[in-house]
Amino acid sequence: MGAKVKVRNPIVEIDGDEMARVMWAMVKARLLAPHVEIDTLYFDLGLAHRDATDDRVTVEAADATREHGVAVKCATITPTADRAREYGLKHEWRSPTATLRDLLDGTVFRAPIMVGNIQPSVRSWKRPIHLARHAYGDIYKNHEIAVPGPGRAHLSFSPSGEGKVVSCMVQVFEGPGVLQGIHNTDASIESFAQACFAYAAEQDLDVWFGTKDSVSKTYDARFRDIFAREYEANWQARFEAEGRAYVYDQIDDTVARIMRSEGGMLWACKGYDGEVMASLLAAAYGSPAMQTSRLLSPHGGCVYEAAHGTVQRHYYSHLAGEESATNPMALLFAWSGALRKRGTLDGTPEVVTFADQLEAAGRATVESGIMTADLLTVADPHPDNRSVGTEAFLDAVAEQLERMLTGDA
Ligand code: NAP
Ligand code: MG
């Protein structure tokens, strides 16, 4: 075996929970340790340690990401009442992903891992559809009132400084009903727009954005206008010179066009649209284990992770001594994404090449018919197809990688 590839600057490593944590250690031991020398800054976001540190470890991981630029994160448990009991927690700590996103003012981008022997449910999709989800405000920070009976509902705003109260009648209720107040801020929409155009420029993708401004003439229209302003001011010249486009439409038309497209764009979505469409895309591309996720901060800093969670059901089978059959592809791609980014920032092409080879080895393994059970049902039928456990799958990837590194493949 040749000399190990040396990663020049540190990568922030954020460990997690359950089956994802088990696979994390396997990916590192089998695919990384033999070939790369990485100086990682390790943060243990396993639930027990988050609880022991009163979740300070999550804030420290975010600070380190801001300082060093590149992080890779394992899936983590978002505490619920059940989890609080299971782990004897002091508190139901917030979702680490949400904390990191807020601290880094980041946008989450999802992209599928495509392989030759798994066809998306939509036949026309030849290339990955990347999706960005705006994650501030709207219904996720709403206030709601259950209207008990007849009465009047107003929407009003009182300025902190000079100026008069602005208000309007929402509805004169003649009987019971419901009422909802939502908001967004220009600052958040602007940083979302910046993150989308920056990601698309880096990945060489068109940007598609849709809202319902034909109905929501102030609220959704603000999203439209901020995107247009950001595009014209900072990206249009570069996009046009490099042959990329920004396409804006009504959300329903955007959905229809996406369905008939070949893929290969960044689809920017408002929060709720993004939640729904990310789930649809993940299912349409075959398996939750074939979706990557990347948090990008406009102030620098990215966190690479798998889109799936900790795979609790598999973890309990694993603890019960059953052979695990969880798919580690998205975790492998989280590491390769972080390595590629680190190599690009550091100007170390050998690190970028290794990241490419790692991904190619993962894809080639699935394409050779060796896959975990989740993929067997969605892969093109072939006599060579067989489902293997997580460790056997990683061994096959390791062999493939070995062949690629020694020029045998
Ligand atoms: P999940 O961990 O994504 O798993 C849901 C189901 O999807 C699994 O039971 C399994 O289906 C399938 N699946 C997901 N990943 C797979 C993989 N790599 N290989 C094979 N099958 C896979 O979601 P969850 O069960 O809703 O959540 C579990 C925990 O993860 C929760 O505590 C949640 O808070 C956390 N979570 C964390 C993140 C994050 O850190 N980014 C994201 C989401 C959820 P089958 O059981 O049918 O095999
Ligand atoms: Mg969701």
Side-chain angles (χ1 to χ4, degrees), residues 13-24 26-27 43-48 50-51 55 57-58 61-62 71-87 89 92-102 104 106 108-110 112-113 115 118 133 135 274-275 278-279 281-283 285-295 302-320 322-335 337 362 365-366 371-379 387-394 397:
E13 177 185 353
I14 305 175
D15 208 346
D17 291 298
E18 299 190 317
M19 203 57 213
R21 186 180 180 107
V22 173
M23 293 196 291
W24 189 258
M26 290 178 181
V27 167
F43 295 88
D44 182 3
L45 264 60
L47 189 49
R50 273 183 275 152
D51 197 51
D55 209 24
V57 65
T58 306
V72 56
K73 179 183 171 290
C74 181
T76 46
I77 293 170
T78 297
T80 56
D82 283 348
R83 297 297 207 160
R85 239 172 287 118
E86 182 184 353
Y87 284 80
L89 299 182
E92 278 181 34
W93 307 106
R94 273 189 88 199
S95 147
T97 307
T99 302
L100 289 167
R101 199 175 57 210
D102 289 357
L104 297 170
V108 173
F109 296 86
R110 297 281 192 87
I113 301 163
V115 290
I118 297 177
R133 178 178 171 214
E275 173 155 19
S279 175
L281 290 181
Y285 278 107
S287 163
M290 300 295 272
Q291 278 279 325
T292 65
S293 172
R294 179 171 151 189
L295 174 70
C302 355
V303 182
Y304 291 80
E305 68 176 321
H308 63 73
T310 62
V311 213
Q312 182 182 20
R313 191 184 70 76
H314 295 207
Y315 182 59
Y316 284 101
S317 318
H318 167 81
L319 290 182
E322 287 169 39
E323 191 200 16
S324 41
T326 321
N327 185 341
M329 280 287 273
L331 285 182
L332 184 163
F333 274 68
W335 274 101
T365 304
V366 175
M371 56 191 85
T372 45
D374 57 315
L375 298 187
L376 200 61
T377 51
V378 291
S387 93
V388 296
T390 309
E391 296 199 78
F393 178 77
L394 286 171
V397 177

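The model shown is predicted, which means the values in this text are computed figures rather than measured ones. In this chain, numbering begins with 1 at the start of the sequence shown. Every number for a ligand or one of its atoms is a count from 1 in the order of the listing. For the numbers below, each heavy atom of this structure counts, side chains included, while hydrogens, waters and symmetry mates do not.
With respect to Asp51 and Arg83, no salt bridge is recorded, no charged nitrogen being found less than 4.0 Å from a carboxylate O.
Annotation: the span from Asp44 atom CG to Arg21 atom CZ amounts to 4.0 Å, rounded to 0.5 Å.
Applying the side-chain hydrogen bond (donor to acceptor under 3.5 Å, both in side chains) rule to Asp374 yields the partners Ser287, Asn327, Thr372; only residues at least two apart in sequence or on another chain are considered. Among residues two or more places apart in sequence or in another chain, the salt bridge (Lys or Arg N to Asp or Glu O under 4.0 Å) test is passed with Asp55 by none. Residues forming a side-chain hydrogen bond (donor to acceptor under 3.5 Å, both in side chains) with Arg101 (at least two apart in sequence, or on another chain): none.
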Does ligand 1 have any N/O atom under 3.5 Å from a protein N/O, and what are those pairs and their distances?
{"from": "ligand 1", "atom 1": "2 (O)", "to": "Gly309", "atom 2": "N", "distance (Å)": "3.4"}
{"from": "ligand 1", "atom 1": "2 (O)", "to": "Thr310", "atom 2": "N", "distance (Å)": "3.2"}
{"from": "ligand 1", "atom 1": "2 (O)", "to": "Val311", "atom 2": "N", "distance (Å)": "2.7"}
{"from": "ligand 1", "atom 1": "3 (O)", "to": "Gly309", "atom 2": "N", "distance (Å)": "2.8"}
{"from": "ligand 1", "atom 1": "18 (N)", "to": "His308", "atom 2": "NE2", "distance (Å)": "3.3"}
{"from": "ligand 1", "atom 1": "18 (N)", "to": "Asn327", "atom 2": "O", "distance (Å)": "2.8"}
{"from": "ligand 1", "atom 1": "19 (N)", "to": "Asn327", "atom 2": "N", "distance (Å)": "2.9"}
{"from": "ligand 1", "atom 1": "30 (O)", "to": "Thr310", "atom 2": "N", "distance (Å)": "3.0"}
{"from": "ligand 1", "atom 1": "30 (O)", "to": "Thr310", "atom 2": "OG1", "distance (Å)": "3.2"}
{"from": "ligand 1", "atom 1": "32 (O)", "to": "Arg83", "atom 2": "NH2", "distance (Å)": "3.0"}
{"from": "ligand 1", "atom 1": "34 (O)", "to": "Thr78", "atom 2": "N", "distance (Å)": "2.9"}
{"from": "ligand 1", "atom 1": "40 (O)", "to": "Lys73", "atom 2": "NZ", "distance (Å)": "3.3"}
{"from": "ligand 1", "atom 1": "40 (O)", "to": "Thr76", "atom 2": "N", "distance (Å)": "2.9"}
{"from": "ligand 1", "atom 1": "40 (O)", "to": "Thr76", "atom 2": "O", "distance (Å)": "3.4"}
{"from": "ligand 1", "atom 1": "40 (O)", "to": "Thr76", "atom 2": "OG1", "distance (Å)": "3.3"}
{"from": "ligand 1", "atom 1": "41 (N)", "to": "Glu305", "atom 2": "OE1", "distance (Å)": "3.2"}
{"from": "ligand 1", "atom 1": "46 (O)", "to": "Arg313", "atom 2": "NE", "distance (Å)": "2.5"}
{"from": "ligand 1", "atom 1": "46 (O)", "to": "Arg313", "atom 2": "NH2", "distance (Å)": "3.2"}
{"from": "ligand 1", "atom 1": "48 (O)", "to": "Arg313", "atom 2": "NH2", "distance (Å)": "2.9"}
{"from": "ligand 1", "atom 1": "48 (O)", "to": "His314", "atom 2": "NE2", "distance (Å)": "2.7"}

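In terms of heavy atoms, His308 sits closest to Ala75 at O-CB, 3.7 Å.
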